[in-house]
Amino acid sequence: MKRAVSMLLAAVLLTALAAPAGAASPYDFEKINSYMEGQFADVPAGSRWADNVRSVYEVGLMAGVTDTRFDTEGSLTIIQTVAMACRLHSAYCGEGTPLEEMVEANSGAWYQPYVEYADSHEIASLEGIDDINADIARGDFAWIVWAAVPDEALAEINSVEDGAIPDVPITGYYAAPVYALYRAGILTGNDAKGTFTPESTISRGAAAAIISRIADSSLRRPVTLTKAAFQPVAMQDLANLKSIQKKATDQELAQAYDEALALAAPYAGMALEDQLMGIAVSIRERFEQGMSYSMETEHYNDPYGYFILGSASCAGCTRATGLCLNILGIPYEHVNENQYSHQWCRVKVGDTYWICDAYGLYCGPEPAPYAHPYM
């Protein structure tokens, strides 16, 4: 089962969802409430979220935090999102014990039936979450919303190429939901580039916009996003330029740069971990194809020696790897630089560090700060 979604309770009042009747799409919702212009003081006619607030209110998906205030700038929490998702899922699918019965029979915390429903219908699990009242990130919100609705309700109307959303790596866990919602016209991004900002929080107004486009297909918006051409970091702008160049001339470095660019370009746009792994493997393949290890030949410790002369030490391999990383815009630290010791690239990945070491046959998280599992 693919889906389930979330809806807001507590700060967001959710009335019962009504199944479609005479709507433009078989998955559109019927209007069950009357909305009066100006009934929410913070949502004047013509304001940014006015049409979306009207829509979610009319179909009973969201209400104000009070009779006169919607609180469009207020943030959604994890548990509110899970509750919203359960209500959407129940309205679409109606499987098992009706959600309304679970809520009515509940004698514990208000959110308990939603936690149970979400878990039993594989919508979301709150196991391991320390604070269910924390604000939810946009990436997580999109995943839950996407999970709540059937595929048939997300017909593609937009052309959005894989890799076209600039801050959503195609290998990210929320990538499939976000791309599906973009292609269905439910998400369009925050700017002309289609930027999504998956790590930021989401406001009630933005949530109303998303939910209203799910409930009313006529509100879905067109967007076309094409994957941007890879723009490598220019040689003179490399973050580790002085270290990488070592004693090579500008012309020699330019030759090495061209080789590194050809090697690194296929990994542009991938998740950072995949970029590191791909570069480490490709750098190692160059060595396996006939290179020699040396600490005596000219340029043994720079990318010119590795890529052009075909002879280098671990220092040369590290700088060749670093050149590829810098071309992709990835900063790194040269571990044990200028020492008679094994050397490698150290890269920050999220909250940890990775080793990228083709000569040492390892690419992955470091076991301890500056420690190598094989050296």
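No side-chain donor-acceptor contact under 3.5 Å links Asp167 and Thr197. With no hydrogens or angles considered, a side-chain donor-acceptor pair links Ser282 and Tyr267 at under 3.5 Å. Using modelled atom types and a 3.5 Å distance limit, the side chains of Glu366 and His372 yield no donor-acceptor pair. A donor-acceptor pair shorter than 3.5 Å cannot be found between the side chains of Gln39 and Asp67. Donor-acceptor pairing under 3.5 Å is recorded for the side chains of Ser212 and Asn52.
Tyr306 places a side-chain N or O within donor-acceptor distance of the main-chain N or O of Ile283, the cut-off being under 3.5 Å. Remark: side-chain polar atoms of Arg213 are paired, donor with acceptor, to backbone N or O of Ile186 under 3.5 angstrom. Checking side-chain atoms of Asn106 against main-chain N and O of Ala109 turns up a donor-acceptor pair under 3.5 Å. Side chain of Asn336 to backbone of His342: a donor-acceptor contact under 3.5 angstrom is found. The main-chain N or O of Gly316 is never found under 3.5 Å from a side-chain atom of Asn301 such that the two would form a donor-acceptor pair. In this structure, Gln245 contributes its side chain and Ala248 its backbone to a donor-acceptor pair below 3.5 Å. Although no hydrogens or angles enter the test, the distance criterion places a donor-acceptor pair under 3.5 Å between the side chain of Asn326 and the main chain of Ile330.
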Which is it for Val160 and Tyr179 under the side-chain contact (heavy atoms from CB on, under 4.5 Å) test, yes or no, and what are the steps along the way? CA-CA 7 Å; Val160 180; Tyr179 272 87; 3.9 Å; yes
Can Phe70 and Arg204 be said to form a side-chain contact (heavy atoms from CB on, under 4.5 Å), step by step? CA-CA 8 Å; Phe70 190 84; Arg204 282 173 44 81; 3.8 Å; yes
One pair to check against side-chain contact (heavy atoms from CB on, under 4.5 Å): Tyr111 and Val82. What are the steps and the verdict? CA-CA 9 Å; Tyr111 54 78; Val82 169; over 6 Å; no
Begin with the C-alpha distance, continue with both residues' side-chain angles, and end with the deciding distance and a verdict on salt bridge (charged side-chain N to carboxylate O under 4.0 Å, His left out) for Glu259 and Arg286. CA-CA 11 Å; Glu259 290 293 317; Arg286 293 287 293 246; 3.2 Å; yes
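In this structure Ser243 satisfies the side chain to side chain donor-acceptor pair (under 3.5 Å) test together with Glu337, sequence neighbours excluded. Applying the ring pair (Phe, Tyr, Trp, His ring centres under 6.0 Å) criterion to Phe287, with sequence neighbours excluded, gives Tyr359.
Within 6.0 Å of CD in Glu288 there are more than 12 heavy atoms belonging to other residues, nucleotides or ligands. Around atom OH of Tyr340, no more than 12 heavy atoms belonging to other residues, nucleotides or ligands sit under 6.0 Å away. The neighbour count for Gln236 CD, taken as heavy atoms of other residues, nucleotides or ligands under 6.0 Å away, is above 12. By the neighbour-count criterion of 12 heavy atoms within 6.0 Å, atom CD of Glu296 is sparsely surrounded, having that number or fewer from other residues, nucleotides or ligands.
Grouped by direct or indirect side-chain proximity (heavy atoms under 4.5 Å, Ile/Leu/Val/Met/Phe/Trp/Tyr only), Ile355 sits with Val335, Trp344, Tyr362, Tyr370, Tyr374.
Residues Lys247 and Glu298 are not paired through a salt bridge, judged by the lack of any N-O separation under 4.0 Å between the basic side chain and the carboxylate. Using a cutoff of 4.0 Å between basic side-chain nitrogens and carboxylate oxygens, Arg221 and Asp51 are not scored as salt-bridged. At a threshold of 4.0 Å, the pair Arg138-Glu199 does not count as salt-bridged, since none of the basic side-chain nitrogens sits closer than that to a carboxylate oxygen. Ion pair Lys193/Asp191 not flagged as a salt bridge, since none of the NZ, NE, NH1 or NH2 atoms sits closer than 4.0 Å to an Asp/Glu carboxylate oxygen.
When all heavy atoms are compared, the tightest approach of Ala215 to Val59 is CB-CG2, 4.2 Å. Heavy-atom minimum distance, Leu328 versus Ala264: CD2-O, 3.7 Å. Looking at every heavy atom in both residues, Thr297 comes nearest to Ser311 through OG1-OG, 3.1 Å. In this structure, Thr188 and Val223 approach most closely via the heavy-atom pair O-CG2, 4.2 Å. Closest approach of Pro113 and Leu99 over heavy atoms only: O-CD1, 4.5 Å. Across every non-hydrogen atom of Val53 and Thr72, the tightest pair is CG2-CG2, 4.4 Å.
Tyr293 is not connected to Met375 by any chain of hydrophobic side-chain contacts under 4.5 Å among Ile, Leu, Val, Met, Phe, Trp and Tyr, and they are in different clusters. Side-chain heavy atoms closer than 4.5 Å link hydrophobic residues (I, L, V, M, F, W, Y) into clusters, and following such links, even through other members, never connects Ile214 to Ile157.
In this structure the side chain of Tyr353 never reaches within 4.5 angstrom of the side chain of Val347, judged on heavy atoms.
Note on ring orientation: taking the six-membered ring where Trp is involved, the planes of Tyr57 and Phe40 are perpendicular (angle over 60°, cut-offs 30° and 60°).
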